Q: 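This is the structure I have questions about; it appears just below.
Values reported hereafter were calculated over all heavy atoms of this structure, with side chains retained and with hydrogens, waters and symmetry mates removed. Atoms within each ligand, like the ligands themselves, are counted from 1 in listed order. What you see is a predicted model, and the numbers here were worked out from it, not measured in a lab. When a residue number appears, it is its place in the shown sequence, counting from 1.
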Amino acid sequence: MDSSKQNIQPKPPFDEKNEETPDIGGGLPVIQFWAEHTLSPEGPKLWKTLFHKSACLSCSWGTGGQKGGFTNEDGEKLQRCMKSVEAISSEIKPGVKVQFFEEHSITELQKFTSMEADRLGRLSFPMILRAGKSHYERISWSEIYTIVETGFRKSPERVASYSSGRSSNEAAFLLQLMMRSLGSNNLADCSDLCHAPSTFGLKQMFGTKTSIVSLESLKQADCVILAGANSGYNHPRLMNELIKLRDERGGKVIVINPEMSIGLVKFGSPAFPIKSLIPGSDIASLYLQPIPGSDVALFVGIQKSLIEQGFVKTEFLAAHTEGWEAVLETARGTTWETITETCGVSQVEIETAATIIGNAKGVVFGWAMGITQHENGVDNVYSIANTALISGNVGKEGAGVMPVRGHSNVQGFGSMGVTAQELKKELQEALEKLLGRSLSRVKGYDTRALIEAADEKKVDTLICLGGNLYAANPDSTQALRALGNIETIIYLATKPNLGHFHGLAKENTIVIPVLNRFENPYKTTTESGNNFVRLSDEGETHLKDGDLIPEVEFLTELAHRVHGNYPVDWRKLQDTRYIRQLIAQTVPGFEKMATIDQTKEEFTISGRIVTEPKFQTPSGKASMFVTPLPKLTLPNPEDFEIPQQTRGVMVALMTGRSYSQHNTVVYKINDKYRGMPHRNCILMNRLDAESVGLQAHQRVTVQGNAGKLENVEIIYGAVRPGAAVMFYPEVNVIFKARIETRSGTPAFKRVPAFVYA
Ligand SMILES: Nc1nc2c(c(=O)[nH]1)N[C@H]1C(S)=C(S)[C@@H](COP(=O)(O)OP(=O)(O)OC[C@H]3O[C@@H](n4cnc5c(=O)[nH]c(N)nc54)[C@H](O)[C@@H]3O)O[C@H]1N2
Ligand SMILES: Nc1nc2c(c(=O)[nH]1)N[C@H]1C(S)=C(S)[C@@H](COP(=O)(O)OP(=O)(O)OC[C@H]3O[C@@H](n4cnc5c(=O)[nH]c(N)nc54)[C@H](O)[C@@H]3O)O[C@H]1N2
Ligand code: SF4
Ligand SMILES: [Mo]
């Protein structure tokens, strides 16, 4: 075998082979899934949607659009994964009948699991749950507008929105314009729970808030770092890039993750049916398993080793960065003992990573929730980007920093100004010009602040453009109570979810059924994590008997009723071409939006991809920040009021996604690749369990600082000692999370939990 392709660390240290789990990620089960769905009665509808010219619904990697359902921005074919099929097949289900809600009381609906709620089908008529009533009932559009308009006439700081990145740029733009015209900056968004630390950190360092790497540039890298991202599950097409990097270019992949996810070791991709699908392709050349929350220490270690091995690009740092001396000084001054003790990875392994990085021509540093969802998420991001700069891997082709984003259009929501954080100056000024006055200077509520404010009875009206605010938040008990203080909640949604059954308002909870991306009667756009804007064609819905509404129609009508013709003729904007004109005029980098309707030309947003060392900071240089090493401790059982003598083990719980779920929506109860047969499982290291006399498949209690889950089955997995994995949203009942103060993001990946029989 070509030595450049060999894995440096073929036998991982915490490998726990479970007899029932597949030997590779992806692989034949993916094809079986495709076959089952495409050959089923829903098959023709599914194929029609797959071939429809619209952007994939599911993740931010981005596929589809004008080049066709299976093509990516570089024109490569076969770029649709089964996650896309999973998302589509959930959307093409028949509508839930009016009768169903007449027959099932809210108490009955509250017994549904996430999967049961989703399987009910599509929401297809507007409904309301009025205070004191036991059932959702159908409601007329005129009554909806009366109630909602009244809700929006409250004082602006008591009106809020929450959104989730499945909708279009057009809907997002309208939402923020409507809220800001009102004088409210309360634009909470799912990204607050997600990549907000990346947005914040990248803005400080480079003056731009998103990935600085294009897909084209990624294809030139000869090394990729993937930290805290389970991409075989959540961004499957990214795996194709890693396969090509290793297989065709002899490059290296360093995975940093406390859990050894099989898909990041070996992945069978249908895009390479012969060489990869069945045998599987090697992904990780080196797999490092740090303690959850300790990535800063690991990256400072890599920096230290880069210094020691003479790999630092001092000239580059001096010419193009600021603050670099202090960062290097910190790495020099931190002892190896402190580093390895904090992160739990050996010096040799860290040095091996540094050698690979130092010898590579171009390194792309990618990351996801394992990096951001921590109390020091912003420092994690800084430490990664510092490492990229120190090794000269920013400002050239084939290198850079690449947050791997979440929802398919979550990044577009940020670009459109749906955020409670400070706006880009250009956008702020353009909006102020449009409004003819300054924007409110009152800081808006981000997602956590919104829940806290509602808990303190400071919110009267909430509009949710998609998502599941109730189930996405930590401490479900608080979320329930907080939402219950809000007078009116309006949910715009395609599918019923737990939020509609539990997240109930004090007076009126209204659920409005909307058309999805491939059904809208007008064109829409989305933005991928790689900064590529896709255009989705108009389509039609299969819900012919339903009474659904396009999001844009609802938002413009509501805005018209609240604002009249200020600052725009809202009803005219029901034709989305005019919204795109407004976007082109106001949002930086979106100039090409002005002509997209004529040219159909999808585009990369200008000013985002960095291939020269020039940055959008005031000085034009990249700013570097010293990253303090975290002090990671776990509480004692007594802190959770567990009697001292109780035998059990305190773990750092990483809460996240199973193989078959999209965020709060569960598609299948098991996770085949982790060998977890149902949702009420905890994946833990054998040593931890055995150290307190527990064993595989035993039923235990898992207790956090806000509650406990009982009858949880222990599954042994390739997770490092001290760490464990459980699935959200179910696990969100057991903990109140610490919050990353700069970004507002909850520490979902280091939840202290006590496991006992
Ligand atoms: N199919 C599917 N696709 C999705 C989604 C989905 O639910 N389903 N969700 C979308 C959304 S909104 C998002 S944000 C993304 C999420 O994509 P991911 O971030 O891949 O999702 P998670 O399941 O949260 O996985 C986080 C990973 O970080 C690791 N990790 C946890 N703690 C640490 C740590 O301290 N350090 C390091 N280095 N690693 C750690 C975990 O072991 C896990 O592998 O996916 C998007 N795509
Ligand atoms: N413990 C724990 N909690 C977490 C996380 C974690 O890793 N651990 N991850 C966090 C992250 S990264 C995120 S992004 C959040 C996710 O939080 P959200 O984005 O709030 O939740 P989703 O489950 O993605 O929302 C799904 C719902 O969106 C609606 N929907 C789908 N498509 C459309 C559409 O086109 N239009 C409209 N209007 N509605 C639509 C459907 O009704 C569907 O039920 O959860 C966060 N919560
Ligand atoms: S990788 Fe993401 S965007 Fe591409 S097809 Fe799969 S789910 Fe869709
Ligand atoms: Mo996310």
Q: Using a 4.0 Å cutoff against the non-hydrogen atoms of His374, which atoms of ligand 1 qualify?
A: 32 (N), 33 (C), 34 (C), 35 (O)

Q: To which of Gly263, Ser164, Gly228, Ser191 does the heavy atom nearest atom 39 (N) of ligand 1 belong?
A: Gly228

Q: Run the numbers for me: atoms of ligand 1, each under 4.0 Å from some heavy atom of Cys194, listed by number.
A: 14 (S)

Q: Identify, for atom 3 (N) of ligand 1, the protein heavy atom at the shortest distance, and state residue, atom and that distance.
A: Asn234 O, 3.3 Å

Q: Is Lys219 atom NZ crowded by more than 12 heavy atoms from other residues, nucleotides or ligands, each under 6.0 Å away?
A: yes

Q: When rounded to the nearest 0.5 angstrom, what distance separates SG in Cys56 from NZ in Lys83?
A: 11.5 Å

Q: Who passes ring pair (Phe, Tyr, Trp, His ring centres under 6.0 Å) against Tyr728, sequence neighbours left out?
A: none

Q: Would you say ligand 1 has an N or O under 3.5 Å from any N or O of Glu86?
A: no

Q: From atom 42 (O) of ligand 1, work out which of Asn257, Asp295, Val296, Leu226 has a heavy atom at the shortest distance.
A: Asn257

Q: Any side-chain donor paired with an acceptor under 3.5 Å for Gln411 and Asn531?
A: yes

Q: Give yes if a backbone or side-chain nitrogen or oxygen of Ser58 is under 3.5 Å from a nitrogen or oxygen of ligand 1, and no if not.
A: no

Q: Considering heavy atoms of the protein only, find what lies nearest to atom 1 (N) of ligand 1 and give residue, atom and distance to 0.1 Å.
A: Lys83 CD, 3.0 Å

Q: Glu36 and Gln32: side-chain donor and acceptor closer than 3.5 Å?
A: no

Q: Examine the proximity of ligand 1 to His662 and report which part, side chain or backbone, both or neither, has a heavy atom under 4.0 Å away.
A: both

Q: Say whether Asp537 and Gln66, considering side chains only, have a donor N or O and an acceptor N or O under 3.5 Å apart.
A: yes

Q: Is there any N or O on Tyr659 that sits under 3.5 Å from an N or O of ligand 1?
A: no

Q: Assess, by modelled atom type and distance only, whether the side chains of Asn468 and Thr664 contain a donor and an acceptor separated by less than 3.5 Å.
A: yes

Q: Compute the shortest N/O to N/O distance between Asn230 and ligand 1 and return yes if it is under 3.5 Å, no if not.
A: yes

Q: Work out which heavy atom in Ala479 is nearest to a heavy atom in Asn473; give both atom names and the distance.
A: CB-CB, 4.4 Å

Q: Does a donor on one side chain and an acceptor on the other come within less than 3.5 Å for Thr338 and Glu341?
A: no

Q: For the CZ atom on Arg742, are there more than 12 heavy atoms of other groups (residues, nucleotides or ligands in this structure) within a distance under 6.0 Å?
A: yes

Q: Pro290 versus ligand 1: do any nitrogen or oxygen atoms come within less than 3.5 Å of each other?
A: no

Q: Hydrogens and angles aside, do Arg657 and Asn663 bring a side-chain donor and acceptor to less than 3.5 Å of each other?
A: yes

Q: May I ask you to decide if the ring planes of Tyr233 and Tyr659 are parallel, tilted or perpendicular, using 30° and 60° as cut-offs?
A: perpendicular

Q: For ligand 1 and Thr655, I'd like to know whether there is a polar contact (N/O to N/O, distance under 3.5 Å).
A: no

Q: Could you find the nearest protein heavy atom to atom 15 (C) of ligand 1 and give me its residue, atom name and distance?
A: His235 CE1, 3.7 Å

Q: Quick check: does Ser58 have an N/O/S atom under 2.8 Å of atom 4 (Fe) of ligand 3?
A: no

Q: For atom 31 (C) of ligand 1, which protein heavy atom lies nearest, and how many Å away is it?
A: Met654 SD, 3.1 Å

Q: In this structure, does ligand 1 have an atom that sits under 4.0 Å from one of the heavy atoms of His195?
A: no

Q: Nearest heavy atom to atom 33 (C) of ligand 1: which of Gly370, Ala368, Ser658, Cys59 does it belong to?
A: Gly370

Q: May I ask you to check whether Gln661 and Arg679 show a side-chain donor-acceptor distance below 3.5 Å?
A: yes

Q: Any donor and acceptor pair, going by atom type alone, linking the side chain of Arg750 with main-chain N or O of His374 inside 3.5 Å?
A: no

Q: Which of the numbered atoms in ligand 3 are below 4.0 angstrom from a heavy atom of Arg237?
A: 1 (S), 4 (Fe)

Q: Could you tell me whether Ile256 and ligand 1 have an N or O pair separated by under 3.5 Å?
A: yes

Q: Are side-chain N/O atoms of His37 and Glu42 paired as donor and acceptor at under 3.5 Å?
A: yes

Q: If you round to the nearest 0.5 Å, how far is OG of Ser167 from NE2 of His407?
A: 9.5 Å

Q: What are the atoms of ligand 1, with element, lying closer than 4.0 Å to any heavy atom of Gly293?
A: 34 (C), 35 (O)

Q: Give me the nearest non-hydrogen protein atom to atom 8 (Fe) of ligand 3 as residue plus atom name, then the distance to 0.1 Å.
A: Cys56 SG, 2.3 Å

Q: Does even one non-hydrogen atom of Arg750 get within less than 4.0 Å of ligand 1?
A: no

Q: By number and element, which atoms of ligand 3 are closer than 4.0 Å to a non-hydrogen atom of Thr63?
A: 3 (S), 4 (Fe), 5 (S)

Q: Please say whether more than 12 non-hydrogen atoms of neighbouring residues, nucleotides or ligands are located less than 6.0 Å from CD in Glu76.
A: yes

Q: For atom 19 (O) of ligand 1, which protein heavy atom lies nearest, and how many Å away is it?
A: Met369 N, 2.9 Å

Q: For Tyr233, counting its heavy atoms only, list the atoms of ligand 1 lying under 4.0 Å from any of them.
A: 1 (N)

Q: For atom 26 (C) of ligand 1, what's the nearest protein heavy atom and its distance?
A: Lys749 CE, 3.5 Å

Q: Who's closest to atom 6 (Fe) of ligand 3 heavy-atom-wise, of Cys59, Cys81, Gly62, Ser60?
A: Cys81

Q: Mind checking whether Pro29 and Tyr673 have side chains closer than 4.5 Å, heavy atoms only?
A: yes

Q: Say whether Asn663, considering both its backbone and side-chain N or O atoms, lies within less than 3.5 Å of an N or O atom on ligand 1.
A: yes

Q: Among all protein non-hydrogen atoms, which one is nearest to atom 8 (N) of ligand 1, and what is the separation to 0.1 Å?
A: Gln661 O, 2.7 Å

Q: For atom 11 (C) of ligand 1, which protein heavy atom lies nearest, and how many Å away is it?
A: Gly406 CA, 3.3 Å

Q: For Ala229 and ligand 1, answer yes if some heavy atom of the residue is under 4.0 Å from a ligand atom, otherwise no.
A: yes

Q: Which bit of Trp367 is near ligand 1, meaning a heavy atom under 4.0 Å away: side chain, backbone, both or neither?
A: neither

Q: Does one side chain, of Asn230 or Ser261, offer a donor that lies under 3.5 Å from an acceptor on the other?
A: yes

Q: Backbone or side chain, does any N or O of Arg657 fall under 3.5 Å from an N or O of ligand 1?
A: yes

